[in-house]
Amino acid sequence: MRPLLGEEEAAAVAEVVRSGWVAQGPRVAEFEKAFAASVGAAHGVAVSSCTTGLHLCLHLLGVGPGDEVVVPSFSFIATANAVRYCDATPVFADVLRGSGNLDPASVAAVLTPRTKAVMAVHQGGQPCDVDGVRAVCGDVPVIEDAACAAGSQLRGRPVGTGALLAAWSFHPRKLLTTGEGGMVTTDDAEWAARLRRLREHGMSVSAADRHASGKVVLESYAETAFNYRMTDLQAAMGLVQLGRLPGMVARRRELVARYRELLAPLDVRPVADPPFGTSNHQSFWVELPDGAPAVADVLAALAAAGVSGRRGIMAAHREPAYAGHPHAPLPVTEHLTARTLILPVHHELTEADQRRVVDALADALLLTPATGAP
Ligand SMILES: *Cc1c(COP(=O)(O)O)cnc(C)c1O
């Protein structure tokens with residue numbers, strides 16, 4: 001992955017520096033409006049990362065000790081960790097083999113009277129069938145971890161449209177970046193207002209609003225909250241990046257279409273769009289067939305050929321941080337995490353680069369499974 005950055009971002013950040021107002025202020029407000037509109041949400045609340053955004057969503061819903069939150073283990077570990085920040089218990093559900101997204105049947109199987117929320121991840125930009133997940137959840141709220149999904153589509157609308165609460169990431173590993181940063185989007189005005197207070201120490205009136213009022217405004221602090229603010233430096237960059245997003249997504253889709261053609265002769269299964277949506281291809285992974293070498297050996301062979309691949313999406317329950325954490329069997333998660341690898345995709349990848357990647361992968365698949373030696 002390589003972020004797409006230009007002189008426009010540098011100039012936008014420089015302008016904020018010259019303005020003298022570098023913390024959360026007018027650019028953050030502008031970025032929130034523009035980003036929320038782009039994903040079809042009424043309100044955007046900028047935060048310091050998707051991880052802190054997920055924490056705020058759970059806190060907002062009152063998740064606390066003794067509560068359970070259903071999450072896929074097949075996700076970046078921040079999804080599960082956000083639940084632990086609330087002293088609640090992450091309950092792992094399994095995913096579908098095609099998309100790597102939550103399997104509604106697996107969610108239904110782990111719901112209990114203590115389930116306070118379900119977190120649906122749009123993994124790697126693959127749109128999750130949120131309607132399918134909601135259908136098994138009854139009154140339990142479904143939060144969307146849309147960290148990777150800015151620019152993905154679900155049933156003809158941007159991912160995030162109609163979401164109860166969705167959290168987004170602007171880390172450089174995603175398409176749209178602000179260095180670090182995140183956003184929570186929602187259609188609920190009261191929730192948005194509370195989220196704004198929660199990210200800023202619980203302040204009744206934000207520092208930026210007090211400054212802009214030109215009067216003496218004494219703020220109060222009704223509850224213990226957090227400092228999860230984004231800076232105007234980041235938001236200025238985000239506004240430029242947002243303008244680039246449609247072009248970035250189109251380019252990703254073009255690159256992935258070419259990967260599919262080049263990979264067709266190989267015995268691998270590339271991740272594909274579901275029938276109900278399109279991915280922004282934040283990550284593009286392939287599943288290796290039975291009898292192929294171990295992923296680690298394939299990655300080592302790619303690295304030796306100068307190609308930077310990565311293991312597939314991690315499984316949180318396999319990490320030491322979750323050792324001994326009880327969970328139902330997660331066969332699809334275990335299969336996908338062991339048998340998938342992520343190929344390079346970024347805006348400036350050339351056709352020659354892609355041919356090199358696929359040639360290196362073809363060679364690596366000829367390694368013998370047992371020893372990893374050619
Ligand atoms: C990247 C990612 C996160 C964390 O995002 P940050 O902005 O780095 O906190 C959370 N969930 C998923 C699925 C991710 O891919």
Side-chain angles (χ1 to χ4, degrees), residues 1 3 28 31-32 35 39 44-59 69-86 90 92-93 95-96 99-102 117-128 130 133 142-152 154 159-160 163 165-185 195 199 226-231 234-235 237-238 241 252 271 279-285 310-317 319 321-322 333 336-337 340 342 345-346:
M1 173 52 188
V28 167
F31 182 44
E32 289 175 334
F35 184 82
V39 301
V45 179
V47 285
S48 52
S49 69
C50 179
T51 307
T52 56
L54 290 170
H55 182 198
L56 286 193
C57 290
L58 295 171
H59 188 84
V69 178
V70 177
V71 298
S73 166
F74 189 71
S75 184
F76 184 58
I77 198 159
T79 309
N81 284 350
V83 180
R84 282 190 164 173
Y85 294 170
C86 299
F92 294 126
V95 293
L96 299 163
S99 62
N101 285 327
L102 272 184
V118 172
M119 233 190 252
V121 181
H122 300 279
Q123 196 50 258
Q126 286 290 120
C128 173
V130 184
V133 173
V142 177
I143 299 171
E144 297 179 42
D145 177 343
C148 309
S152 298
L154 178 57
V159 163
L165 289 161
W168 309 80
S169 173
F170 307 128
H171 183 273
R173 179 70 180 78
K174 326 297 180 186
L175 271 72
L176 184 172
T177 187
T178 59
E180 292 277 358
M183 184 93 66
V184 177
T185 55
L195 288 166
R199 70 159 170 205
F226 309 92
N227 177 1
Y228 285 170
R229 286 175 296 208
M230 178 185 273
T231 68
Q234 292 165 293
M237 189 168 155
Q241 287 270 295
R252 292 292 177 111
V271 63
S279 177
N280 63 3
H281 293 302
Q282 182 265 343
S283 287
F284 176 65
W285 67 82
R310 289 289 181 272
R311 67 167 172 165
I313 308 299
M314 63 181 298
H317 76 279
E319 294 299 320
Y322 287 88
T333 296
L336 286 181
T337 201
T340 53
I342 294 174
V345 254
H346 62 81

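Heavy-atom basis, side chains included; hydrogens, waters and symmetry copies ignored. One-based numbering, in listed order, for ligands and for the atoms of each. Quick caveat: nothing in here was measured; it's all calculated off a predicted structure.
A distance-only check finds a donor-acceptor pair linking the side chain of Asn101 to the backbone of Gln126 [under 3.5 Å]. The backbone N or O of Ala235 sits nowhere less than 3.5 Å from a side-chain atom of Thr178 that would complete a donor-acceptor pair.
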*asked:* Pair Ser48, Arg199 - check side chain to side chain donor-acceptor pair (under 3.5 Å), show working.
replied: CA-CA 9 Å; Ser48 52; Arg199 70 159 170 205; over 6 Å; no

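Side chain to side chain, Arg311 and Thr337 fail the donor-acceptor criterion of an N or O pair below 3.5 Å.
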Pairs under 3.5 Å, N/O atoms on ligand 1 and on the protein: can you put them in a table with the distances?
| residue | atom | partner | partner atom | Å |
| --- | --- | --- | --- | --- |
| ligand 1 | 5 (O) | Ser169 | OG | 3.4 |
| ligand 1 | 7 (O) | Cys50 | N | 2.9 |
| ligand 1 | 7 (O) | Ser169 | OG | 2.7 |
| ligand 1 | 9 (O) | Cys50 | N | 3.4 |
| ligand 1 | 9 (O) | Thr51 | N | 3.0 |
| ligand 1 | 9 (O) | Thr51 | OG1 | 2.4 |
| ligand 1 | 11 (N) | Asp145 | OD1 | 3.3 |
| ligand 1 | 11 (N) | Asp145 | OD2 | 2.8 |
| ligand 1 | 15 (O) | Lys174 | NZ | 2.7 |

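In this structure, the ring of Phe170 has its center less than 6.0 angstrom from the ring center of Phe31.
In terms of the ring pair (Phe, Tyr, Trp, His ring centres under 6.0 Å) criterion, Phe74 has no residue partners (sequence neighbours excluded).
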